[in-house]
Participant: 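Take a look at the following structure, please.
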Amino acid sequence: ATLEYGTYLGGSGSDGASRLALDPDGNVYLTGYTNSTDFPVSLNAMQPAFSGDYDAFVTKFAAAGGLVFSTYLGGRDGDSGSGIAVDAARNVYVGGSTDSGDFPIGPVSFTDTFQGGRYGDAFVTKLTPDGSSRLYSTYVGGSGSDLGADIAVDLDGYCYITGTTNSNDLMLASPDIQPYQEAPPGGESDIFVHKILPDGTFIVYTTYLGSAGEDIARAIEVDEDRNPHTKAYILGETDSASFPLEDALQSNHGGNSDLFLTKLHENVFLVQPQVVLDYSTYLGGAGLDHAGDLAVDAVGNAAITGDTTSKDFPVHQGPAGAKKKKNKKKNKKLAASVQGFVMKVFDGVAEPGGIFQAPRRVSFGRVRTGRSKTKKLVIRNTSRSSRLAVSVQTPQPPLTLGKGIQSAFLEPGGQFPVNLTFTPTDSGKFNGALVVRSSDPARPVISIPVVGAGKSVNVPRDPGPEPEP
């Protein structure tokens, strides 16, 4: 390994970085907090001067390490950036928390009123690629305390923010999409999730997520596959035995504070569109389990990290993992010490013999009749030792398989992609399946549900012959 660059970033006061992001060009974006009046800012900074108490900052470094831009972001009271993301056009999104009634808002916002609360409001700000101006900036919160935890942006420029709140009057979106939880469940604190339009003018959906205990958000990510809508993944902590669960890997609260991992999206195929859970699960043991950060790969698998004092924290080596070395002396000390962990959650179904399908199902959404839409699936062998023969059965129209491998011998840990195309010939809903066969005697057939809908083209009605004069 070679160190490409390394640098300090700060002034004469207290400075801390909370989160970073990368763009495809290798540029690095940072946000955090500072009370330095001499924090390094660029000539084109959106806010070149320190405003008071603590300000958030936004800084961009080039791939080679040079400072591209740096700016303060804040008002006269305490402000801190806790999440940062970059879209395809290199616009920069920052989320965090503010106690400032004069936080930089606009030129577009869906809430320009600071509502306060003991710990202030959350905020979302979108900056131009050069960091010189705001495209939108808005408060996020109700009459209680609202803390922004993290932020994400999808391929279409929709922004997602999550955080922790005890407000019972958060702004809800239009009635077109119902929240998963419309009101807070009544615990000490709950999670909130907002999806914001690309221009920042309004909210696509808002939902609470919580229980009767204390629930804290730490991180949010989104997938890259609009299938038919982007899925949001939320990572955090809960001390409650009644946290909302769906298709859970761990259905029992381990004790003290556990992690939770929740995947959700807006289901527009319901009679009343609503935010629904794809899955939601506890992850933890009998000790204290704290969430750190979250990342999602191209096929929807979630990698998480954090720390734990639990001797019984759920561990699994995976198909190609090295053999676990027993260390009884170390395990005895684990309950009294803090250990870091990393975990990967597959977005699919682990079959008994080792075959793994991803995703759990395929949804094409609405497709205009006569046109086609293609989705990529990945078939994996998660067995640690068995070589498996796998074949994908040719489906019936309107489904077709793309060119490429349809059968293979998969070594342990091996995989191959499958391209599935949906070409509706008439309007209406479609429910089908893609069948995968394998040499696994425990489960020789896997059926992957496939859904979609044909959308007909509106043809103007023939008004008929004109009336005779």
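Counting from 1, the numbers follow the sequence of the chain as shown.
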Participant: Is the shortest heavy-atom distance from the side chain of Leu170 to the side chain of Thr165 under 4.5 Å?
Facilitator: yes

Participant: Going by atom types only, do Ser240 and Thr238 share a side-chain donor-acceptor pair under 3.5 Å?
Facilitator: no

Participant: Measuring from Cys159:SG to Asp154:CG, what's the distance to the nearest 0.5 Å?
Facilitator: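 The distance works out to 9.0 Å.
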
Participant: Counting distance only, does the side-chain N/O of Gln115 pair as donor-acceptor with the main-chain N or O of Gly144 below 3.5 Å?
Facilitator: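 Answer holds: no.
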
Participant: Without swapping roles, check the side chain of Thr162 against the backbone of Ile220 for a donor-acceptor pair under 3.5 Å.
Facilitator: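 Not confirmed, Thr162 side chain does not pair with Ile220 backbone.
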
Participant: Is the shortest heavy-atom distance from the side chain of Val58 to the side chain of Ile84 under 4.5 Å?
Facilitator: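 The answer is yes; the side chains approach within 4.5 Å.
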
Participant: Classify the side-chain pair Gln339/Ser337 by whether it contains a donor and acceptor separated by less than 3.5 Å.
Facilitator: yes

Participant: Is there a donor-acceptor pair closer than 3.5 Å between any side-chain N or O of Glu237 and the backbone N or O of Ile216?
Facilitator: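 The answer is no, because no donor-acceptor pair under 3.5 Å joins these two groups.
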
Participant: Of the non-hydrogen atoms in Ala302 and Tyr233, which two are nearest, and what is the gap between them?
Facilitator: CB-CD2, 4.2 Å

Participant: Check step by step if side-chain contact (heavy atoms from CB on, under 4.5 Å) holds for Met343 and Leu283.
Facilitator: CA-CA 10 Å; Met343 177 182 291; Leu283 295 168; 3.7 Å; yes

Participant: Is any side-chain heavy atom of Leu261 less than 4.5 Å from a side-chain heavy atom of Tyr279?
Facilitator: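 Yes - at least one pair of side-chain heavy atoms lies under 4.5 Å apart.
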
Participant: In terms of side-chain heavy atoms, does Asp87 have a donor or acceptor partner in Tyr93 at a distance below 3.5 Å?
Facilitator: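 Looking only at side-chain atoms, Tyr93 and Asp87 do form a donor-acceptor pair, the distance falling under 3.5 Å.
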
Participant: Restricting to non-hydrogen atoms, name the atom on Leu147 and the atom on Ala122 that form the minimum distance, rounded to 0.1 Å.
Facilitator: C-CB, 4.3 Å

Participant: With sequence neighbours left out, what residues match His253 under ring pair (Phe, Tyr, Trp, His ring centres under 6.0 Å)?
Facilitator: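 Counting only residues at least two positions away or on another chain, His253 forms a ring pair (Phe, Tyr, Trp, His ring centres under 6.0 Å) with Tyr282.
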
Participant: Could you check Tyr180 against Val276 for side-chain contact (heavy atoms from CB on, under 4.5 Å), going step by step and ending with a plain yes or no?
Facilitator: CA-CA 6 Å; Tyr180 173 73; Val276 297; 5.8 Å; no

Participant: Under the 3.5 angstrom rule, does the side chain of Asn35 hit a backbone N or O of Ser14 as a donor-acceptor pair?
Facilitator: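 Yes: the side chain of Asn35 pairs with the backbone of Ser14.
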
Participant: Got a second to check how far Tyr205's OH is from His265's NE2, nearest 0.5 Å?
Facilitator: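 So the gap between those two atoms works out to 9.0 Å.
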
Participant: What distance do Phe39 atom CZ and Thr34 atom OG1 have between them, rounded to the nearest 0.5 Å?
Facilitator: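 The distance works out to 5.5 Å.
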
Participant: Is a side-chain donor or acceptor of Glu221 paired with a backbone partner of Val296 at a separation under 3.5 angstrom?
Facilitator: no

Participant: Can the ring centroids of Phe114 and Phe103 be said to lie less than 6.0 angstrom from one another?
Facilitator: no

Participant: Before giving the answer on side-chain contact (heavy atoms from CB on, under 4.5 Å), spell out for Leu235 and Leu259 the whole-Å C-alpha distance, their side-chain angles and the decisive distance to 0.1 Å.
Facilitator: CA-CA 7 Å; Leu235 175 67; Leu259 276 68; 4.0 Å; yes

Participant: Please determine whether side-chain hydrogen bond (donor to acceptor under 3.5 Å, both in side chains) holds for the pair Thr125 and Ser137, giving the CA-CA distance in whole Å, both sets of side-chain angles, and the decisive distance to 0.1 Å.
Facilitator: CA-CA 4 Å; Thr125 300; Ser137 188; 2.8 Å; yes

Participant: Hey, mind stepping through Phe57 and Tyr33 against ring pair (Phe, Tyr, Trp, His ring centres under 6.0 Å) and telling me if it holds?
Facilitator: CA-CA 6 Å; Phe57 69 83; Tyr33 60 87; 7.8 Å; no

Participant: Short question: side chain of Thr281, backbone of Leu249 - any donor-acceptor pair under 3.5 Å?
Facilitator: yes

Participant: May I ask you to check whether Asp146 and Ser167 show a side-chain donor-acceptor distance below 3.5 Å?
Facilitator: yes

Participant: Under a 4.0 Å threshold between the charged nitrogen and the carboxylate oxygen, would Asp23 count as salt-bridged to Arg90?
Facilitator: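 So Arg90 pairs with Asp23 through a salt bridge.
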
Participant: Rounded to the nearest 0.5 Å, what separation is found between the CG atom of Asn166 and the CG atom of Asp215?
Facilitator: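 Interatomic distance, Asn166 CG to Asp215 CG, rounded to 0.5 Å: 12.0 Å.
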
Participant: Dump the intermediate steps for salt bridge (charged side-chain N to carboxylate O under 4.0 Å, His left out) on Lys195 and Glu266, then the final yes or no.
Facilitator: CA-CA 10 Å; Lys195 179 179 179 179; Glu266 68 269 38; 2.7 Å; yes

Participant: Suppose we screen for salt bridge (Lys or Arg N to Asp or Glu O under 4.0 Å). Which residues come up paired with Arg19, at least two apart in sequence or across chains?
Facilitator: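 Residues passing salt bridge (Lys or Arg N to Asp or Glu O under 4.0 Å) with Arg19: Asp150, Asp293.
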
Participant: Do Asp289 and Thr308 get their side chains close enough for a donor-acceptor pair, meaning under 3.5 Å?
Facilitator: yes

Participant: So which heavy atom on Ala286 is nearest to which on Ser310, and how close?
Facilitator: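 Ala286 and Ser310 have their closest heavy atoms at N-OG, 3.5 Å.
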
Participant: Please check: side-chain N/O of Thr309 versus main-chain N/O of Gly287, any donor-acceptor pairing under 3.5 Å?
Facilitator: no

Participant: List the atom of Ala85, the atom of Val153, and the distance in Å for their closest heavy-atom pair.
Facilitator: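 Residues Ala85 and Val153, closest heavy atoms: CB-CG1, 3.8 Å.
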
Participant: Search all heavy atoms of Pro40 against all heavy atoms of Leu9 and return the closest pair with its distance.
Facilitator: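 Heavy atoms only, the tightest pair is CG-CD1, 3.7 Å.
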
Participant: What's the separation between atom CG in Asn267 and atom CD in Gln272, rounded to the nearest 0.5 Å?
Facilitator: 11.0 Å

Participant: Is any side-chain heavy atom of Thr206 less than 4.5 Å from a side-chain heavy atom of Met171?
Facilitator: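 When only atoms from C-beta onward are counted, Met171 and Thr206 do not touch, as no gap falls below 4.5 Å.
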
Participant: Is any side-chain heavy atom of Val204 closer than 4.5 Å to a side-chain heavy atom of Ile177?
Facilitator: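 A side-chain contact under 4.5 Å exists here.
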
Participant: Hey, is the main chain of Glu214 close enough, under 3.5 Å, to the side chain of Asp239 for a donor-acceptor pair?
Facilitator: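 Pair found, side chain donor or acceptor close to backbone of Glu214.
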
Participant: For the pair Asp55 (side chain) and Phe50 (backbone), establish whether a donor and an acceptor sit closer than 3.5 Å, ignoring hydrogens and angles.
Facilitator: no

Participant: With the side chain counted from C-beta on, respond yes when Asn301 and Val345 share a heavy-atom pair under 4.5 Å apart, and no when they do not.
Facilitator: no

Participant: About how many Å separate CG of Asp223 and OG1 of Thr230, when rounded to the nearest 0.5 Å?
Facilitator: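 Thr230 OG1 to Asp223 CG: 5.5 Å, rounded to 0.5 Å.
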
Participant: Are the side chain of Asp38 and the backbone of Ser12 linked by a donor-acceptor contact shorter than 3.5 Å?
Facilitator: yes

Participant: Test of understanding: with side chain to side chain donor-acceptor pair (under 3.5 Å), list the residues that count as partners of Thr59, not counting sequence neighbours.
Facilitator: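 For Thr59 the side chain to side chain donor-acceptor pair (under 3.5 Å) partners, ignoring immediate neighbours, are Ser70.
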
Participant: Would you indicate whether the side-chain heavy atoms of Leu377 and Val362 approach each other to under 4.5 Å?
Facilitator: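 Val362 vs Leu377: side chains touch.
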
Participant: Show the nearest heavy-atom pair for residues Phe69 and Pro129, with the distance to one decimal.
Facilitator: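 Shortest heavy-atom separation between Phe69 and Pro129 comes out as CE2-O, 3.3 Å.
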
Participant: Could you walk me through whether Tyr158 and Val222 satisfy the side-chain contact (heavy atoms from CB on, under 4.5 Å) test, starting with their C-alpha distance in whole Å, then the side-chain angles of each, then the deciding distance to 0.1 Å, before giving a yes or no?
Facilitator: CA-CA 10 Å; Tyr158 290 89; Val222 294; over 6 Å; no

Participant: Going by atom types alone, do Tyr139 and Asp112 pair a side-chain donor with an acceptor below 3.5 Å?
Facilitator: no

Participant: Does the side chain of Val445 come within less than 4.5 Å of Val436's, by heavy atoms?
Facilitator: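 Not touching, per the 4.5 Å side-chain cut-off.
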
